[in-house]
Amino acid sequence: MTGANNFSVSGYGPNRASWTRIFARDGLARRLDWPILLSATALSLIGAALVYSATRNRTEINQGDPYYFLIRHLMNMGIGFALMIGTIWLGHRTLRTAVPILYGFSILLILLVLTPLGATINGNRNWIVFGGGFSLQPSEFVKITIILGMAMLLSARVDAGDKPHPDHRTVAQALGLAAVPMMIVMLMPDLGSTMVMAVTVLGVLLASGASNRWVFGLLGAGTLGAVAVWQLHILDEYQINRFAAFANPSLDPAGVGYNTNQARIAIGSGGLTGAGLFHGSQTTGQFVPEQQTDFVFTVAGEELGFVGAGLIIVLLGVVLWRACRIARETTELYGTIVAAGIIAWFIFQAFENIGMTLGIMPVAGLPLPFVSYGGSSMFAVWIAVGLLQSIRVQRPMSA
């Protein structure tokens, strides 16, 4: 692919001259999507304040240091920012050539979770503990691998000009690529991550131009798969209880319904402007479990009120709006698919996380992108931002 894009003929990465023109003539700062960068940074900083508020008095988990989680959240944010820069520098096209290696490494990591190296945290066996307080949740990075892998397969012949859209064989191969890690993650069982991956796959298919028969077939297969999972008792009892509590909020309010009931009390008590940062009675009283991770939005609702919680949603909306613009303006199908996969991932995960605190979605144990505490999640979302920035940086400036 040559011409306005100034890319290498193979289509797998910009040549040295094109990179020189990009940075010397236009400047990287001019080509970056600043609304995404600033919104994501603001979300992470707001998350730092919320995480600190939720954990500063939790001596049973902060090891006696009120700044324990705050410092680590900021460190995770810094590492995530560095990963974003590294992703931009490598470029999404270079990562395209590395998909087989990334895919194999991702499969290895999630398989390690099923070995004695794996650990169960908050009911989910989806972590690898390395010691020294360092742990990794491989399923967060599998989301990126699935997006890159499916995009590589679905766009190869289209970007080369051989086909107007992916053929049935290519779509089947792409779905097979995604199915392997998804089945392993389901066996953990990590239902929340599996749901995110399923929605991401659907978003990728829609963006690729694949036949609608595949989209409707995937929706039907997903429905049948959900029924099978339920009937075969693949889910753990605590996961079944979460769905039961969602269907009947008054069920066992001191047990399986406790989290959602306390979350709604916290958000409802915030009113318009909230009780003030560090002054929420539900947060200070530690009534809502896991407020630094899965239920961080309840801290915003209680202490910052509708205004603060709304600001978080607006900032997430800005990230998604700019990502949609990047997907629309890129001149290659590969970039469009990668951006669309990230959009589907962010939309569903944010909706599920916020929805479960409001009682409109079942509890699935998913972090709020950029806001929740957690290294693996923070690293993954900032890598995704790097991919979006790379797609924008390597597009023609006239787009």
Side-chain angles (χ1 to χ4, degrees), residues 34-85 121-122 133-137 140 263 266-267 270 273-286 288-320 346 349-350 353-354 357 365-386 389:
W34 284 98
I36 282 184
L37 184 57
L38 295 176
S39 296
T41 300
L43 285 167
S44 294
L45 291 175
I46 291 172
L50 300 179
V51 166
Y52 174 64
S53 179
T55 59
R56 61 195 177 94
N57 294 323
R58 298 287 299 276
T59 55
E60 76 279 9
I61 61 173
N62 66 16
Q63 302 185 19
D65 180 5
Y67 300 102
Y68 179 86
F69 283 93
L70 173 62
I71 292 172
R72 280 155 181 77
H73 181 91
L74 293 174
M75 288 176 59
N76 290 337
M77 178 184 170
I79 295 172
F81 203 85
L83 290 171
M84 178 198 69
I85 294 173
I121 299 177
N122 297 329
F134 181 72
S135 60
L136 186 72
Q137 188 177 5
E140 291 292 335
I267 293 176
T273 58
L277 195 60
F278 314 133
H279 292 92
S281 58
Q282 290 288 111
T283 300
T284 303
Q286 305 171 21
V288 184
E290 304 303 327
Q291 276 195 291
Q292 75 275 18
T293 53
D294 300 346
F295 287 91
V296 71
F297 192 74
T298 64
V299 185
E302 180 182 25
E303 299 190 342
L304 304 180
F306 177 81
V307 173
L311 175 61
I312 290 175
I313 295 175
V314 168
L315 290 172
L316 286 168
V318 171
V319 172
L320 294 169
F346 283 7
Q349 188 159 320
N353 178 277
I354 295 173
T357 64
L366 291 172
L368 184 59
F370 303 104
V371 182
S372 292
Y373 174 81
S376 298
S377 174
M378 186 70 78
F379 303 159
V381 295
W382 276 104
I383 290 173
V385 171
Q389 296 286 9

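In this text the structure is predicted, and so the values were computed from the model without any measurement.
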Enquirer: What is the distance from atom CE of Met75 to atom CE of Met378, rounded to the nearest 0.5 Å?
Expert: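 Atom-to-atom, Met75:CE and Met378:CE are 12.5 Å apart.
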Enquirer: How long is the straight-line distance from CZ of Phe306 back to CD1 of Ile267, given to the nearest 0.5 Å?
Expert: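 Rounded to the nearest 0.5 Å, the CD1-CZ separation comes to 12.0 Å.
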Enquirer: State, with a plain yes or no, whether a side-chain heavy atom of Arg72 is found less than 4.5 Å away from one of Val51.
Expert: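 Not touching, per the 4.5 Å side-chain cut-off.
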Enquirer: Do Gln137 and Ser377 have side-chain N/O donor and acceptor atoms under 3.5 Å apart?
Expert: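 No, because no side-chain N or O of Gln137 sits under 3.5 Å from a partner of the opposite role on Ser377.
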Enquirer: When you measure from the side chain of Glu302 to the backbone N and O of Ser281, does any donor-acceptor pair fall under 3.5 Å?
Expert: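 It does hold such a pair.
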Enquirer: Looking only at heavy atoms, what is the nearest atom pair of Gly374 and Asn76, with distance?
Expert: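 Nearest heavy atoms, Gly374 then Asn76: C-ND2, 3.8 Å.
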Enquirer: Please find the pair of heavy atoms, one from Gln291 and one from Val288, that lie closest to each other, and give the distance.
Expert: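 Taking every non-hydrogen atom into account, CG-O, 3.3 Å.
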Enquirer: Is the Tyr52 to Phe69 ring centre distance short of 6.0 Å?
Expert: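 Centroid separation for Tyr52 and Phe69: 6.0 Å or greater.
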Enquirer: Does any N or O in the side chain of Ser44 come within less than 3.5 Å of the main-chain N or O of Ala40, such that one atom is a donor and the other an acceptor?
Expert: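 Yes; judged by distance alone, with no hydrogens or angles, the pair exists.
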Enquirer: Write down the atom of Ser39, the atom of Leu315, and the distance for their closest heavy-atom approach.
Expert: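 Closest pair (atom of Ser39, atom of Leu315, distance): CB-O, 3.8 Å.
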Enquirer: Return yes if some donor-acceptor pair links the side-chain N/O of His73 with the main-chain N/O of Ile71 below 3.5 Å, else return no.
Expert: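 Not a single qualifying donor-acceptor pair exists.
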Enquirer: Taking the side chain as everything from C-beta on, heavy atoms only, tell me whether Gln349 gets closer than 4.5 Å to Val381.
Expert: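 Side-chain contact under 4.5 Å: no.
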Enquirer: Please say which of Leu304, Leu368, Val296 ends up in a side-chain contact (heavy atoms from CB on, under 4.5 Å) with Ile312.
Expert: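 Testing each of Leu304, Leu368, Val296 against Ile312, the sole residue satisfying side-chain contact (heavy atoms from CB on, under 4.5 Å) is Leu368.
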Enquirer: Between Glu140 and Ala380, which heavy-atom pair has the shortest distance, and what is it?
Expert: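 What the structure gives for the nearest pair is O-CB, 3.7 Å.
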Enquirer: Can you tell me how far apart CH2 (Trp382) and CG (Leu83) are? Round to the nearest 0.5 Å.
Expert: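 Result: 11.0 Å between the selected atoms.
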Enquirer: Taking the side chain from Glu303 and the backbone from Phe278, do they hold a donor-acceptor pair closer than 3.5 Å?
Expert: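 Flag set: sc Glu303 to bb Phe278 pair under 3.5 Å.
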Enquirer: Have Gln292 and Thr55 got a donor and an acceptor in their side chains that come within less than 3.5 Å?
Expert: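 No, Thr55 and Gln292 have no side-chain donor paired with an acceptor closer than 3.5 Å.
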Enquirer: Measure the spacing between OG1 of Thr298 and CG of Leu50 and express it to the nearest 0.5 Å.
Expert: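 With rounding to 0.5 Å, OG1 (Thr298) is 9.0 Å from CG (Leu50).
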Enquirer: Step by step, work out the side chain to side chain contact (heavy atoms under 4.5 Å, CB included) result for Thr41 and Phe81.
Expert: CA-CA 9 Å; Thr41 300; Phe81 203 85; 4.2 Å; yes
Enquirer: Considering all heavy atoms of both residues, which atom of Val299 and which atom of Ala54 are nearest to each other, and what is their separation?
Expert: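 In terms of heavy atoms, the two residues are closest at CG2-CB, 4.0 Å.
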Enquirer: Mind listing the closest non-hydrogen atom pair of Ala350 and Leu316 along with its distance?
Expert: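 Here Ala350 and Leu316 meet closest at CB-CD1, 4.1 Å.
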Enquirer: Check whether Asn353 reaches the backbone of Asp294 with its side chain - one donor and one acceptor, N or O, closer than 3.5 Å.
Expert: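 Here the side-chain-to-backbone pair exists.
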Enquirer: Within this structure, what is the CG-CG distance for the pair Leu38 and Leu43, rounded to the nearest 0.5 Å?
Expert: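 Here the interatomic distance stands at 11.0 Å.
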Enquirer: Contact between Pro367 and Thr293 at the side-chain level, heavy atoms closer than 4.5 Å - yes or no?
Expert: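 When only atoms from C-beta onward are counted, Thr293 and Pro367 do not touch, as no gap falls below 4.5 Å.
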Enquirer: On the 0 to 90° scale, with breaks at 30° and 60°, tag the Phe370-Phe346 ring pair as parallel, tilted or perpendicular.
Expert: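 It falls in the perpendicular class, over 60°.
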